[in-house]
Amino acid sequence: MIKSIRFYKINIAIIISRNSNNLKNLINHSPKKNSRFKNTLIISNNPKAKGLNYARKFKIKKKNINYSNVKCAEKKILIELKKNKVNLIC
């Protein structure tokens, strides 16, 4: 007898800069029952990126990080990823 296999959804973070075509596809696919992931966080270096509008519309956490100081930006990203328990970055 085969028992049903349960799977859990992994938390993903999506890093964007301007156009967000892949982000839109990920957002549209994630609520489906057979989807293996959950959009947890969107990170951008551009406060005017289209993807931030999608994040607002679908109530996904978003973080805008300034990359003028790369080391500082990397630390901020790592903190956000840990805080949101992200398993995969796209």
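Throughout, numbering of the chain's residues begins at 1 and tracks the sequence.
- Between Arg36 and Lys9 the shortest side-chain heavy-atom distance does not fall below 4.5 Å.
- Taking 4.5 Å as the limit, every side-chain heavy atom of Ile79 sits out of range of all side-chain heavy atoms of Lys76.
- Residue Ala49 comes nearest to Ile16 through the heavy atom pair CB-CD1, 4.0 Å, listed as atom of the first residue, atom of the second, then distance.
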request  = Please lay out, stage by stage, how Arg56 and Asn53 fare under the test side chain to side chain contact (heavy atoms under 4.5 Å, CB included).
outcome  = CA-CA 5 Å; Arg56 199 173 301 114; Asn53 293 333; 2.9 Å; yes
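- Leu41 is connected to Tyr67 through a chain of hydrophobic side-chain contacts under 4.5 Å among Ile, Leu, Val, Met, Phe, Trp and Tyr, so both are in one cluster.
- Interatomic distance, Phe58 CZ to Leu23 CG, rounded to the nearest 0.5 Å: 9.5 Å.
- Around CG of Asn22, the count of heavy atoms belonging to other residues, nucleotides or ligands within 6.0 Å does not exceed 12.
- Counting only distance, with no hydrogens or angles, the side chain of Asn66 and the backbone of Ser68 share a donor-acceptor pair below 3.5 Å.
- When the salt bridge (charged side-chain N to carboxylate O under 4.0 Å, His left out) test is applied to Lys83, the partners found at least two apart in sequence or on another chain are Glu80.
- For the atom pair NZ (Lys38) and CG (Asn87), the distance works out to 10.5 Å, reported to the nearest 0.5 Å.
- A continuous path of Ile, Leu, Val, Met, Phe, Trp and Tyr side chains, each step under 4.5 Å between heavy atoms, connects Ile60 with Ile12, placing both in one hydrophobic cluster.
- Between Ile65 and Ser44 the shortest side-chain heavy-atom distance does not fall below 4.5 Å.
- When all heavy atoms of Ser17 and Asn46 are compared, the closest pair comes out as O-CB, 3.0 Å.
- Ile89 and Leu26 are not part of a single hydrophobic cluster, where members link through side-chain heavy atoms under 4.5 Å apart.
- We find the CG-CD distance between Asn69 and Glu74 to be 9.5 Å, quoted to the nearest 0.5 Å.
- There is a path of hydrophobic side-chain contacts, each under 4.5 Å, that joins Val86 to Ile43.
- Each of Leu81, Ile10, Asn11, Ile14 was evaluated against Leu88; a single residue qualifies, Ile10, per the side-chain contact (heavy atoms from CB on, under 4.5 Å) test.
- In this structure, OH on Tyr54 lies 10.5 Å from CD1 on Ile42, to the nearest 0.5 angstrom.
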